[in-house]
Amino acid sequence: EDYKQKLRNEALNEGRNEGVRSMLLRQLHARFGELPSATVARIEAADIADLERWGDRVFGAQTLTEVLDEPS
């Protein structure tokens with residue numbers, strides 16, 4: 001039973017991550033237009049913490065770089 005629950009939780013988390021990833025890609029495309037393939041690949045490979053942090057920055061950023069790069 002624990003194994004089934006673990007698999008279910010992993011599937012639910014992956015589904016959530018994919019939803020966040022998809023939403024971020026749509027928001028970035030709406031805000032900045034066509035995205036470079038390297039940017040899409042970076043988002044596809046990102047963990048949930050990065051995706052959520054970038055999502056928080058989308059609407060206040062003037063550029064794609066401001067969304068994805070850490071402030072200096």
Query raised in the report: Do any N or O atoms from the side chain of E18 and from the backbone of E14 form a donor-acceptor pair under 3.5 angstrom?
Result: no
**Report entry** Residue pairs, two or more places apart or on separate chains, that pass salt bridge (Lys or Arg N to Asp or Glu O under 4.0 Å) and touch residues 28-44
**Finding:** R42-D69
**Report entry** Qualifying residue for side-chain contact (heavy atoms from CB on, under 4.5 Å) with L25, from T39, V20, I43
**Finding:** I43
Query - For Y3, the rest of its hydrophobic cluster, which grows through side-chain links under 4.5 angstrom - result: L7
Query - All side chain to side chain donor-acceptor pair (under 3.5 Å) counterparts of R26, not counting sequence neighbours - result: S22
Under 3.5 Å, which donor-acceptor pairs link side chains of residues 45-55 to any protein atom two or more places apart or in another chain?
residue : atom : partner : partner atom : Å
D47     : OD1  : A49     : N            : 3.3
D47     : OD1  : D50     : N            : 2.9
D50     : OD1  : R53     : NH1          : 3.3
D50     : OD1  : R53     : NH2          : 2.3
E52     : OE2  : R16     : NH2          : 2.5
R53     : NE   : E70     : OE2          : 3.1
R53     : NH2  : E70     : OE2          : 3.4
W54     : NE1  : L68     : O            : 3.4

Report summary line: Applying side chain to side chain donor-acceptor pair (under 3.5 Å) to Q5 and not counting sequence neighbours gives N9
Query raised in the report: side chain to side chain donor-acceptor pair (under 3.5 Å) with Q27: which residues, sequence neighbours excluded?
Result: none
Query raised in the report: Do you know the tightest heavy-atom contact between V67 and F32?
Result: CG2-CE1, 3.9 Å
